[in-house]
Structures are given as structure tokens and as C-alpha cells.
Amino acid sequence: MFAMKQSLFFIPTLKEAPKDAEVKSHRLLSRAGLVKPAAAGIYSYLPLGQRVMRRIERIVREEHDKRGCSELLMPALQPRDLWDESGRWSDYGPELMRLKDRKERDFCLGPTHEEVITAIVRDHLDSYKKLPLALYQIQTKYRDELRPRFGLMRGREFVMKDLYTFSENEEDLDFWYETMKEAYTVIFERMGLETRIVSSDTGQIGGDVAHEFMVMSEVGEDTIAYCTECSYASNQDFSGLETGDACPECGGRSETAKGIEVGNIFKLGTKYSESMNARFTGRDGKRHPAQMGCYGIGISRTLMAAVEQHSDEESILWPKEIRPFDIHILPLADEHVEKAEALTKELGSSYEVLMDDRSERPGVKFKDADLIGIPYRVVLGRSLEEGKVEFVDRYRGEKELIPIQGLREHLENVID
RNA sequence: CGGGAAGUAGCUUAGCUUGGUAGAGCGCUUGGUUUGGGGCCAAGAGGUCGCAGGUUCAAAUCCUGUCUUCCCGACCA
């Protein structure tokens, strides 16, 4: 496990939010010292934000690896000729970040990786016996958005997990599609995010069937039309359904709500495998283009959505599986730090612990602790004279005095 | 790209209408005091007023251009 002194851990909290942050999660990400802007839609992830990102990524990796996906890492910098093969150098538009090297050759910073993955797989694809393949990466993507906004919601540079599957036929593509739909449901549940699956347009990327995973939120950029009677839900851009319209599935009444798209799954079919010649010899002895699927999760956007959903104006409360630390130890005065260090060492063997050893007044420590959102708190203060510490369970909103000798055992019973 | 708003110390900002040596709060440094919810007192440090040009005896302030940021729209795997 892990223990860290707060004086060494860079958490630049702010008393006041930057004036241009208009969305709650954006204000909190800045104030709690998780991110720092470099340019419009481009952010640094500071240590605390990076820890949460790592948590999110860990869940994503676990749920992909256990379903037979393998991780790789592709280049962000991609040559033009691959994009000419798919036709997207001309089709993609100004959102594609283009640049030249010193020899004036064209490159782009990848907004997505269909071209690269297809080029990797096609040379290996001689027989149906090599299929299926499911390859994913977690990587920084670049899109020159006309209008970046709301902090991490729509950035020009952002972290994304993208998975690509290659199948010998549509049945196998359907299998992967359903497998990943289920995986995504598990992933977002583990992150403590309430999501809704909606059918959607396939957009720029091309292909046939697509679903999006939406975190219901007032600040979402998408409008979701959902049925009040059955499980039907769709992206309004695609279905055109308004509040009060009849559900296309069951005829029930439609409602609309805002959502943040944190994940999507596409059946690409053969769009890229045909244009880029990713073919294999099938059981019938003939050449067939691979049936492809692609599946994305916005890692950095998920971070933002999690803050949006698990916070109030003055504090974050991280869900279990993505919390940056388990326990926050607060010695309220310098004279308590020695005891706190011993406790940090002890608890650090079983938990991830952050200890606020700074010479700050109690009020400052409490405010910062609320802001950065670690769910369990151990306060060393005046009750230490009686050999007791205060234990706070922010999930339950409860606090109690615990004899310091019994703390470890108490935590084993309480900490989730 | 169209519409709107804004750039003054690390952060939040006053001053701009009506031109005259740039102010505050928080933060920071030093000393004192305080010690369970962003303390108090005192003394300090910190500024190319986004940038460039123009008008003027004199520009944060007026004019022109430009860059950047945010909001609405268009766009968006």
C-alpha cells in the first residue's frame, strides 16, 4: 500500500475558483489541485488528478484484460499516407491536428486510431485462424475542437481508451459488441457512475450500429430521449425525439435529459478493412475483409463526470474504486504530527494514506481535506490526550471517537 | 467562423465613464500572538496594467490593430 506526506505531495488547492470556470466539476478540479490549464482545452494532470486517472485506468484495464483484450500502445504522431488510404485525410476536416516534419512531410496527431491499428493487423491477417483480435490502448488523443469547453469535458487533448476488434464474421462481431457493452456497464458501475446506454449516430467514424454510455448530468452536452415505460433511450441528435413523443419501441411517452458521453461502442463493419485491405482467407478459401468494431472510453472526461456526480460546491467525495487515497490523517497541530507519523506508517501497510503534516491551522486543513475528497479521515487533536482520535466516515456522514490502540481493528470493520 | 464578455501581483479583483506617480482582499516573507473549520496585530516583498502602434505635455484609462481566455451558437469519434 502507500503512505504520503502532504507537505511533499503537490496539491495546489485554491481558495477561490478561477473566474472562467463555470461548471462545478471544472471549479473543483481546479480548486482541489487536480488539473492545471496550459491552453484552452489542454490540461496538466497534477499528482492528485493523476492518481485518480490511474485508478480509472486500472479498472478499465482489468475489465478489458479479463475479457481477452490485449493492451498495446500506438503512436500519437501519424503519417499522412495511412489517412490517405482510409480517405480521412480529406474527410476529417480541420478538427484533425495536422503538422509537417522538417522534410515537409505531412503528419497528424491522432484523434483516433483506426488507420494505425488496421495497418498493424492487416500484415498479420492471413487466415481466419488468426481471428478474433481485440487490441486496446490508453493514450492521449488530439482533436482541434472549434470550441473546447467545461474543463475536461471537451478538450483538444484528452486521454482515451480505444479498443479495436477484428472478427471473421458478423456473428463474432456481435459477440464482441455485446461483450464490451457488458464490460462498459461493469466499468462504469465500479467507478460509481450512473450511466444510461443510448443508441446513437455513427458519425465521422463510419459504420452501422452504435451505442453511447451517458452519465446523466445537467452540464452534459448531449440530450438523451428516453422512454418512461420501457428501456429505450437514444441520443436526441439521432432520434429527433422530443418530450411527449411516442417511444418507437413501445409507444410510451418520451422524456429528455442531458448527459455526458463517457463511452461509446461502434460496429464498424468493413469500412476500414476494405479501404485499407485488411483481409484474411476464410474457411471457404476466399479472401474476406475483417469485421471491425471500435470501443472508446473518455478517461479524462470520466474523471470530470465523476467529480460532477460526486461533489457539492465545497467538496468532492470520491467513489470507492477511484479514490486517490483511502484515509486522510489530519494532525491538527504540530505537536500531533509525531503521533500521526507513527499512525501513517502503521496504516500505510494496509491502506493508501495521505497525512497532512503541514504547519497549517485546523481550519485550513479541514477545508482542504473536504475539497480533495478522501472518504475516510482520522483527526488527531485535543482528544489525543485521552488516547483517542476522531474517525470520520464521509460516505456515511458519521464521526466517532476511537481509542488509538483500537483504531486499526475498527478500520478493518468499517472501511469498504 | 458569427454573437457576447473579459484580460491589472500567484488567485479574486477596484480603478477606465471624466487621462495626472496603480489600490484592496486572499496568498507569500519576517516578528508577535493564536491553535477543532480558510484567525489576529505589526512590518515587508511582489506589477512590462495581455501585446504592438497611435493621440497627448501626460495613457491602466481615449483610438486602431493584434493575441489570449470564457460564455451562447455552428461543429463534434
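The chains referred to below are lettered A, B, ... by the order of the sequence lines, with proteins before strands, and numbering in each begins at 1.
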Of A:Val23 and A:Glu314, the one whose closest RNA chain B nucleotide lies more 5':
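With A:Val23 and A:Glu314 compared, the 5'-side residue is A:Glu314.
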Please figure out whether A:Lys399 or A:Glu145 has its closest RNA chain B nucleotide nearer the 5' end.
A:Lys399
Under 4.0 Å, counting only non-hydrogen atoms across every strand here, what does [X] touch: a base, just sugar-phosphate, or nothing?
X        : result
A:Ala17  : sugar-phosphate
A:Arg301 : nothing
A:Pro94  : nothing
A:Phe150 : sugar-phosphate
A:Ala333 : nothing
A:Asp368 : base
A:Glu16  : base
A:Gly381 : base

When rounded to the nearest Å, what value does the distance between [atom1] atoms of [N] and [M] take?
N     : M     : atom1 : result
B:U66 : B:C11 : P     : 27 Å
B:A45 : B:U29 : C1'   : 7 Å
B:U17 : B:G53 : C1'   : 24 Å
B:A59 : B:G54 : P     : 12 Å
B:G10 : B:G46 : C1'   : 10 Å

Quick one: A:Asp222 CG to B:C75 P, roughly how many Å, whole number?
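For the pair A:Asp222 CG and B:C75 P, the rounded distance is 13 Å.
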How many whole angstroms separate atom CD of A:Glu335 from atom P of B:U34?
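Result: 13 Å.
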If you take the centroid of each ring, where Trp contributes its six-membered ring, are A:His410 and A:Phe391 closer together than 6.0 Å?
yes
For [N], which nucleotide in any strand shown is its Watson-Crick or wobble partner with both distances under 3.5 Å?
N     : value
B:G65 : B:C51
B:G46 : none
B:A22 : none
B:C70 : B:G4

Check the pair A:Lys66 / A:Glu63 against salt bridge (Lys or Arg N to Asp or Glu O under 4.0 Å), numbers first and verdict last.
CA-CA 6 Å; A:Lys66 74 162 65 158; A:Glu63 298 299 331; 3.4 Å; yes
Using a distance-only criterion (donor-acceptor N/O pair, under 3.5 Å, no hydrogens), is the base of [N] paired with the side chain of [X]?
X        : N     : result
A:Glu390 : B:G36 : yes
A:Arg382 : B:U35 : no
A:Arg147 : B:G2  : no

Should the pair A:His26 and A:Tyr43 be assigned to parallel (<30°), tilted (30 to 60°) or perpendicular (>60°) ring geometry?
perpendicular
Taking it one step at a time, do A:Asp65 and A:Tyr136 satisfy side-chain hydrogen bond (donor to acceptor under 3.5 Å, both in side chains)?
CA-CA 10 Å; A:Asp65 292 351; A:Tyr136 76 98; 2.7 Å; yes
Does a side-chain N-to-carboxylate-O contact under 4.0 Å join A:Lys141 and A:Asp162?
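Answer for the salt bridge query: yes.
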Salt-bridge test for A:Arg55 and A:Glu352: reply yes if a basic N is under 4.0 Å from a carboxylate O, no otherwise.
yes
Does a nitrogen or oxygen in the side chain of [X] sit under 4.0 Å from OP1 or OP2 of [N]?
X        : N     : value
A:Arg361 : B:G38 : no
A:Lys365 : B:G38 : no
A:Arg149 : B:C75 : no

Does a side-chain heavy-atom distance below 4.5 Å link A:Val35 with A:Leu152?
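Yes, side chains in contact.
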